[in-house]
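Side-chain atoms are counted along with the backbone in the values below, which use heavy atoms only and exclude waters and symmetry mates. Indexing begins at 1, ligand by ligand and atom by atom, following the structure's order.
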Amino acid sequence: MLLAIDCGNTNTVFSIWDGETFLCTLRTSTHHARTADAYFTWYSTLVAHYGIKAQITDVVISSTVPRVVWNLRVFADRFFNCRPLVVGKPECALPVPPRVDAGTAIGPDRLANVAGAFDRHGGDAVVVDFGTATNFDVVAEDGAYVGGVIAPGVNLSLEALHQGAAALPHVDITQPDKVIGTNTVGCIQSGVFWGYVGLIRGIIGQIKAEYGRPMKVIGTGGLAPLFASGEMLFDTIEDDLTMHGLTVIYDYNKDKA
Ligand SMILES: Nc1ncnc2c1ncn2[C@@H]1O[C@H](COP(=O)(O)OP(=O)(O)O)[C@@H](O)[C@H]1O
Ligand SMILES: CC(C)(COP(=O)(O)O)[C@@H](O)C(=O)NCCC(=O)O
Ligand SMILES: [K+]
């Protein structure tokens, strides 16, 4: 069985793939100093809690935080006796090579999103991933990653307001009923929520105009559901898109071996 690991700047997600479905999805905060032993203690406790019988034989990793990869490699080697496939490394082939400026170190999460989106929906698509950053990943007709957009993430924006302005509290994001806030928290939530709705709509509109062909719009990442209600921003929302992409990239490399 395959253990797929998606390590973002905020959260690290483990999913066990039995070849047909994800048996479970486990989430922890991303922390570069977490050791292989600490990963296993956490992992084995939850797997036992959910009563999952999984014999992990292979591990695939996407990490937007380079420093965590070393401990995850030790984890795979020590507990599952395998060498993980790490997306973005030269030894990890991609189903379709990206077409971007030479020397660009593309986020492996974006490579996984693109592989997952192409497998499920074909090309001519844009993935909007609400992680620590909000990124838009453009998938060409043939499935190549051809670039996109990186914007500050929702929680990063809220945190920046709090950090930079003495009188602004930390607030959690929610959809405000009105645009005109009548208290400080309401004003901040309005600025970030409705600002984001404008950002998403505006960038998708400009991407489509520049791309020049109809495109599917796929939302994913922690906060995508927040922007789903009533706004018609996405054709579909798929929480497991990055994970699915990891299984696609893994299968591609396995078939080639
Ligand atoms: N259900 C949720 N409700 C509120 N915030 C969430 C939820 N899920 C994730 N988040 C927040 O959304 C942001 C993006 O999360 P995530 O997609 O895990 O980011 P990354 O992949 O960059 O680690 C983080 O700041 C996280 O705390
Ligand atoms: C854009 C990102 C920061 C998103 O990371 P995340 O929010 O998932 O932690 C990540 O994909 C990244 O570090 N990219 C490298 C630059 C690039 O993709 O062009
Ligand atoms: K991510």
Hey, is ligand 2 close enough to [X] that some N/O pair sits below 3.5 Å?
X: T64; result: yes
X: R110; result: yes
X: N135; result: no

Give me the nearest non-hydrogen protein atom to [atom] as residue plus atom name, then the distance to 0.1 Å.
atom: atom 1 (C) of ligand 2; value: I150 CD1, 3.8 Å
atom: atom 13 (C) of ligand 1; value: N155 ND2, 3.6 Å
atom: atom 3 (C) of ligand 2; value: N9 ND2, 3.9 Å
atom: atom 16 (C) of ligand 2; value: A105 O, 3.6 Å
atom: atom 21 (O) of ligand 1; value: G8 CA, 3.8 Å

Of the choices [options], which has the non-hydrogen atom that lies closest to [atom]?
atom: atom 15 (O) of ligand 1; options: T242, D6, N11, N135; value: N11
atom: atom 5 (O) of ligand 2; options: D109, D6, T30; value: D109
atom: atom 5 (N) of ligand 1; options: L223, D239, T132; value: L223
atom: atom 18 (O) of ligand 2; options: A133, G221, G107, G153; value: G107

N/O donor-acceptor pair under 3.5 Å between [X] side chain and [Y] backbone:
X: D240; Y: M243; answer: no
X: R110; Y: F136; answer: yes
X: S15; Y: A4; answer: no
X: T41; Y: D37; answer: yes
X: T134; Y: F130; answer: no
X: N135; Y: V149; answer: no
X: D137; Y: V114; answer: no
X: K216; Y: G123; answer: yes
X: S62; Y: V87; answer: no

Would you check, one step at a time, whether the test salt bridge (Lys or Arg N to Asp or Glu O under 4.0 Å) holds for D18 with K53? CA-CA 11 Å; D18 72 358; K53 305 256 177 294; over 6 Å; no
G131 heavy atoms within 4.0 Å reach ligand 2 at atoms 7 (O)
For G8, counting its heavy atoms only, list the atoms of ligand 2 lying under 4.0 Å from any of them. 9 (O)
Which heavy atom of I218 sits nearest a heavy atom of F234, and at what distance? C-CD2, 4.4 Å
Give a yes/no on ligand 1: does N9 have at least one heavy atom closer than 4.0 angstrom to it? yes
Ligand-residue contact atoms, ligand 1 with F130, heavy atoms, under 4.0 Å: 14 (C), 17 (O)
Looking at R27, which atoms of ligand 1 are within less than 4.0 Å of one of its heavy atoms?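 Every atom of ligand 1 under 4.0 Å from some heavy atom of R27: 18 (O).
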Test your reading of the structure: does G222 have an N or O sitting under 3.5 Å from an N or O of ligand 1?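 So ligand 1 has an N or O lying under 3.5 Å from an N or O of G222.
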